[in-house]
Protein chains: 2
Amino acid sequence: MDQNTDDVRRKRPLERDLDAMDRKLLGVLVEDATTSYVELGERVGLSPPAAHERVKRLRRSGAIRRVAALIDPEAVGKTLLAFVHVDTTGWGKTQALLAIEEYPEVEEIHSVAGDTCMLLKVRTENTHALEGLLARLYDTPGVKATRSYVVLSTYLERPVQPATTSDWPAVVKD
Amino acid sequence: MDQNTDDVRRKRPLERDLDAMDRKLLGVLVEDATTSYVELGERVGLSPPAAHERVKRLRRSGAIRRVAALIDPEAVGKTLLAFVHVDTTGWGKTQALLAIEEYPEVEEIHSVAGDTCMLLKVRTENTHALEGLLARLYDTPGVKATRSYVVLSTYLERPVQPATTSDWPAVVKD
DNA sequence: TCTTGCTGCTGAATTTCATTCTGTAAACAT
DNA sequence: ATGTTTACAGAATGAAATTCAGCAGCAAGA
């Protein structure tokens, strides 16, 4: 709750970097954020309040951005996934960007180094809806050209993981 | 979806498609899955147990795959994001695929229509680590060539949304 | 039309769990 | 050494999830 201010000594817990324990906690919560603090404590070797305290800090520090329900695209009719490269007339926060952000089909917008400026990840109900989106993209001021890759099937899809190296143990649910 | 079985009357709740209420619930939970059932009920116009019941069904049916903590890549040292196109010697579930799945830097693997077979979304600590990954990819049996796009900045990143059309109201937190 | 069975809801009751509080041990700097 | 801070455990509290009857609406069938 300290969202202050002018304190000089800046070694506050909010900004301390993550230790092994934090990464263990993240490792569990990335897989299942409904884990109770009792179980969470058991998994990482901490009492429930201690685990709670650390998780609270992880949330406040922004390491945990939010906890979200991950929903199956198929279940909500988003059958088609595609990546769209977009050539724009300018770089960075262009006029085109603002428009593209408004399209609900667009899940991600990245500025990339390479032969195109932006890369979009988009999901639509079907090819027809994708065509509609592409048409709108072409009509968007600042957009020069697009090139799209339709995804045939997805083999792996996992969110951001807490560790590159596997320095925390495998998940053994009792 | 009916990979069943011998029951004839297949209109069971588990497989019923989502109605407007379900989508409202998903809409809230996608944004914040820590929402209490009391608040959830208020938002969508349902009693807490009713909301609970529907959410439970959404989980069981697989519409909600899981609830996860979304973590900030920067916080865990994943500074660099890149998309890598990979040319493989075969299509579909190739030998290369199995190897690539094991690389922890790889977040997504898609099979795409276009001039390359697969598209990877990868996250590493820095360019050096990306180079290491690319080197490993080249050495992977079945991989012919790669082409990578390094992400300069990400402007939008939102998970799968429940609705294409905005048929459920804006979030007004009282 | 009147059952019978089913689905989805409400409101109350219960139980589990998150959260707070208090004290303590270790680490650190003075 | 000595005050100061940090992180933790264990108990106490509060709030929330979850369960448990009833009840209304609705469809299929007599």
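In what follows, every heavy atom counts, from backbone to side chain, and hydrogens, waters and symmetry copies are set aside. Below, read A as the first sequence line, B as the second, and so on, with proteins coming before strands; counting in each chain starts at 1.
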Do A:S47 and A:Y37 meet the criterion of a side-chain donor-acceptor pair at a distance under 3.5 Å? no
So what does A:P49 touch, heavy atoms closer than 4.0 Å: a base, only the sugar-phosphate, or nothing? base
Tell me whether A:R43 is salt-bridged to A:E39, with the criterion being a basic N under 4.0 Å from an acidic carboxylate O. yes
Quick one: does B:R54's side chain have a donor or acceptor within less than 3.5 Å of a partner on B:L25's backbone? no
Considering only NZ, NE, NH1 and NH2 on the basic side and carboxylate oxygens on the acidic side, decide whether A:E107 and A:R123 come within less than 4.0 Å. yes
Closest listed nucleotide, where the reference is the side chain of B:R57 and the choices are C:dT19, C:dT10, C:dG8: C:dG8
To the side chain of A:A50, which of C:dT19, D:dC8, D:dT18 is closest? D:dC8
Assess whether a salt bridge exists between A:E105 and A:K121, defined as any Lys/Arg side-chain N lying under 4.0 Å from an Asp/Glu carboxylate O. no
Write down the distance between CZ (B:R54) and C1' (C:dT10), rounded to a whole number of angstrom. 14 Å
Measure from OH on B:Y37 to C1' on C:dT16 and round the result to the nearest Å. 14 Å
Could you give the CG-to-P distance, from B:L46 to C:dT7, as a whole number of Å? 18 Å
Separation of A:L25 atom CG from D:dC8 atom C1', in whole Å? 13 Å
Gap between atoms CZ and P, on A:R59 and C:dA18 respectively (whole Å): 11 Å
Rounded interatomic separation in angstrom, taking CG from A:L40 and C1' from C:dT19: 15 Å
Output the single nucleotide from D:dA9, C:dA18, D:dT18 whose closest atom is nearest the side chain of A:S36. C:dA18
Closest to the side chain of A:K56, out of C:dT10, D:dA17, C:dT20, is C:dT20
Protein-nucleotide distance (B:E53, atom CD; C:dC6, atom P), rounded to Å: 16 Å
The side chain of B:H52 is closest to which nucleotide in this list: D:dT19, D:dA7, C:dA18? D:dT19
Measure CG/B:D19 against P/D:dG25 and give the value in whole Å, please. 18 Å
